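Notes to accompany the following structure.
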Amino acid sequence: MSIHIPVNLDQLILKKLLNTSEIDERQFHQVKNTAEDLSSDELTAISRLGFVGDDFLYENIAKELEWPLVNKVESCPAAERVLITTKEYELNIDWCIENHFFIVKEDNTALVYTDKPSSFNAWNVINLSFKGDVELKPILLTPAMAATIEDSIAQERAVSELFGSSTTDIAALAEEAPVINLVNSIVERAIYSEASDIHIEAGEKKMTVRFRVDGKLTEFMQQPASRFSAIASRIKLLSELDIAERRLPQDGRFSTRAGKREFDVRVSTAPDVHGESIVMRLLPKKRDKLSLEYLGFEDDHLTLIRKWGKLSNGIILVTGPTGSGKSTTLYGLLSDIKTGEEKILTVEDPVEYQLDGITQVQARSDIGYTFARALRTFLRQDPDIIMVGEIRDKETADISIQSSLTGHLVLSTLHTNDASSVFPRLSDIGVEPYLTAATIQGVQAQRLVRKLCQDCSVNSAAPEFLASDPRLKEVLSQVEAPTWKKPVGCSSCHGKGYKGRVGIYELVAVTPEIRELISKESDVTSIRELARAQGFRSLFEDGLLKAAKGMTTIEEVLRVCSTSGDEE
C-alpha cells in the first residue's frame with residue numbers, strides 16, 4: 001500500500017501557522033527565502049529558524065497527515081529491529097540514516113518512522129522495496145527522536161563490529177566503549193520509560209531485555225546470546241560485584257543520572273540454565289510528593305493510619321508482596337510523623353530513599369550486621385520511632401516486640417496475602433500470641449493497580465455482578481456519582497490505556513475484641529469477620545471504590561487481588 005502525502009504539505013503547514021498567528025508575514029517570507037537559500041523544504045527552514053518549537057510544529061504536521069507522532073525516547077523503535085528489517089528487505093542502512101527513514105517490520109505491517117514526511121524520492125524507494133508485500137504504516141518523528149534513533153543504530157553497529165572481532169576476553173569487552181554505551185542506553189531508556197525494574201535474561205540463542213512499567217513487563221530488545229557475558233560483566237563492574245562468579249547469586253548497587261534526575265540502581269543476579277538472570281531496580285534518589293496524601297488512601301483510611309502514626313508505642317505492620325509499595329507507604333508515614341522533635345531510626349536492606357532528619361542504617365548480612373543486631377544498637381540510641389525494613393525471623397520479631405513494650409513505636413513490613421493473616425504468620429515465626437496481641441496496634445495490607453490514562457479513558461457500564469451483591473452495593477454507596485471507565489490508549493500513555501499506579505488498601509485496627517481473638521489463636525476467618533463488623537474494608541472493596549471513581553478499572557482490581565478470602 002502506497003502512502004499518500006499532499007504535494008503541498010509544507011505550504012499547508014506554513015499557511016496554518018500564519019493563519020493561527022504562530023508566525024507573522026515577515027517570518028512567513030523569511031521561511032520561504034531560507035528554504036530557497038538552503039535548497040531545502042519549508043518544514044526544515046521553520047525548524048532551523050526556530051520560529052516555533054519542533055514539538056509544536058510536528059504536532060501540527062501529525063494532525064494534518066493523521067499520523068501517530070513519536071516525540072519521546074521510550075517510543076522510539078529499537079535499533080536492532082531497524083537493522084533486521086533493513087537487512088531483510090535489502091535496504092542500505094546508510095541510505096536510511098541519510099534520509100531519516102527507519103523501518104521496523106511487525107507481522108504483515110512495516111512501520112515507517114521518519115521526520116521527513118515530504119521526502120517523495122525516499123517514499124518511492126520504500127514503496128519499491130516493499131512491493132506491496134506488507135502494509136506500510138507511517139509514523140512521524142520529531143527531529144530529536146530521529147537523531148536518537150540514528151545514534152542508537154550507530155551504537156548497535158559498533159557493538160556488532162566489536163563482537164565480530166576476535167576478542168574473547170570478557171573482562172576486556174566489558175570495558176569497551178560499545179558495551180559501556182549499550183548498558184548506559186538500556187538504563188537510560190528504562191528511566192525515560194518510567195520503568196521500575198530492568199530484567200536482563202540469558203537464553204539459549206537470544207538475550208532478552210524487558211522493562212517493568214506500571215507493574216507489567218514489556219520487551220524492550222533482544223540481543224544475540226553471545227553478548228550476554230560482556231553486558232553482565234559491565235553491570236557487575238558498575239555494581240562492584242565479582243565478574244567471575246556466575247554460580248552464586250550476588251547483590252550490588254550503583255548510581256546513575258538521567259537528565260537532572262539521579263537514581264540508585266539495585267542489582268540482583270541469579271544463576272539459571274543459560275547463564276544468569278539480572279534484575280535492576282531503579283530508585284530515584286529524590287521522590288516528589290512522598291507523603292500519604294498522594295498514595296491513594298481513602299479519607300477514612302488516611303485518618304486511621306495517621307492516628308496510628310501518633311501512637312507513642314506499639315507495632316504498625318504493612319504487608320503485601322514484593323513491589324506492592326510497602327516501603328513507600330512507610331516512608332510516607334515517617335514523613336507525616338516527622339516534626340524534628342523526635343528521634344527516628346531506620347534499618348533497611350537496602351536504604352531505598354534518603355529522608356532528611358532521619359537516621360537511616362543499611363543492614364549488612366555479609367558482615368553480620370543484621371536487622372536484629374542493628375535493633376539492639378538502636379535501643380541504646382534513645383529513639384522514639386524505629387522502622388525495620390522487614391520482619392524476617394523470630395529474632396527480629398522478638399526484638400521489635402521488646403522495643404514496642406519499652407515505649408517505642410515500631411514500623412515494619414511482613415509478607416502475607418492480607419491484613420488478617422499477619423497474626424497467624426507471626427505465630428508461625430515463633431512469636432507467642434499474647435505478645436502479638438499486646439503489641440500490634442494496626443495492620444495494613446496493600447497492592448498497586450494501574451491508573452487509567454486521564455487523556456483517553458471513556459465511560460463504561462457498571463460491572464453486572466454488583467447488582468447481585470448487597471455488601472458491594474453498600475460499599476459503593478460511599479461514592480455519590482459512580483463513574484466507571486475503561487481504557488482506550490493514546491500517545492500520552494503509549495497506547496496502553498493506563499498511566500501510573502495507585503494503591504488499594506485494607507486496614508485492621510487491633511481493638512480489645514480483636515486482641516482477645518489473637519490471644520486465643522483464633523483462625524483468620526474469625527478475625528476478619530470481627531474486623532468487618534468494626535468497619536473493615538477489604539482490598540477488593542477498596543479497589544472497587546477507586547474503580548467507581550474512574551481511577552482504575554474493575555479488571556485491574558481483579559487482577560491484583562483475590563476475593564476468595566473476603567467472601568468467606
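Values in this document were obtained by computation on a predicted structure and should not be read as measured data. Position 1 is the first residue of the sequence; numbering continues from there.
Shortest non-hydrogen contact noted between F254 and L238 is CB-O, 3.3 Å. Shortest non-hydrogen contact noted between R501 and G215 is NH1-CA, 3.4 Å. Shortest non-hydrogen contact noted between S193 and V213 is O-CG1, 3.7 Å. Residues A445 and L539 approach most closely at O-CD2, 3.7 Å, considering heavy atoms. Smallest separation of non-hydrogen atoms from I13 and N60: CD1-O, 3.9 Å. Across C490 and D455, no two heavy atoms sit closer than the pair SG-CB, 4.1 Å.
Shown here is E36, whose CD atom has no more than 12 heavy atoms of other residues, nucleotides or ligands within 6.0 Å. Atom CG of D356 has 12 or fewer neighbouring heavy atoms from other residues, nucleotides or ligands inside a 6.0 Å radius. With a 6.0 Å radius and a threshold of 12 heavy atoms from other residues, nucleotides or ligands, K486 has its NZ atom at or below the threshold. Residue Q11 qualifies as enclosed at atom CD: its count of foreign heavy atoms under 6.0 Å is above 12. The 12-atom threshold is exceeded at CG of D94, counting heavy atoms of other residues, nucleotides or ligands nearer than 6.0 Å.
Within the structure, ring-ring contact (aromatic ring centres under 6.0 Å, His included) contacts touching residues 20-53 (residues at least two apart or in different chains) do not occur.
Residues T86 and I103 are not in side-chain contact: their nearest non-hydrogen atoms beyond the backbone lie 4.5 Å or more apart. Looking at M221 and E156, their side chains never come closer than 4.5 Å, going by heavy atoms from C-beta outward. Looking only at side-chain heavy atoms (C-beta outward), L140 and P117 come within less than 4.5 Å of each other.
Salt-bridge check for E106 with R81: passed, with a basic side-chain N closer than 4.0 Å to an acidic carboxylate O.
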Verdict with reasoning, K546 to D542, per salt bridge (charged side-chain N to carboxylate O under 4.0 Å, His left out)
CA-CA 7 Å; K546 291 177 172 62; D542 195 56; 2.9 Å; yes

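When each of E298, E480, Q478 is paired with K549, the side-chain contact (heavy atoms from CB on, under 4.5 Å) condition holds for E298 and for no other.
Atom CD of E556 is separated from atom CG of D214 by 9.0 Å, given to the nearest 0.5 angstrom. With rounding to the nearest 0.5 Å, the separation of CD in E541 from CD in E506 is 9.0 Å.
For S324, the side-chain contact (heavy atoms from CB on, under 4.5 Å) partners two or more places apart in sequence, or in a different chain, are P321, K326, Q446.
When only modelled atom types and interatomic distance are considered, Y58 and S47 share no side-chain donor-acceptor pair under 3.5 Å.
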List the atom pairs, with distances to 0.1 Å, where a side-chain N or O of residues 108-115 and a protein N or O form a donor-acceptor pair under 3.5 Å, not counting sequence neighbours.
residue : atom : partner : partner atom : Å
T114    : OG1  : H100    : O            : 2.8
T114    : OG1  : K116    : N            : 2.9
D115    : OD1  : H100    : ND1          : 3.0
D115    : OD2  : H100    : ND1          : 3.3

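Using cut-offs of 30° and 60° for the angle between ring planes, the W123 and W67 rings count as perpendicular.
Between the T148 side chain and the A144 main chain, a donor and an acceptor come within less than 3.5 Å of each other.
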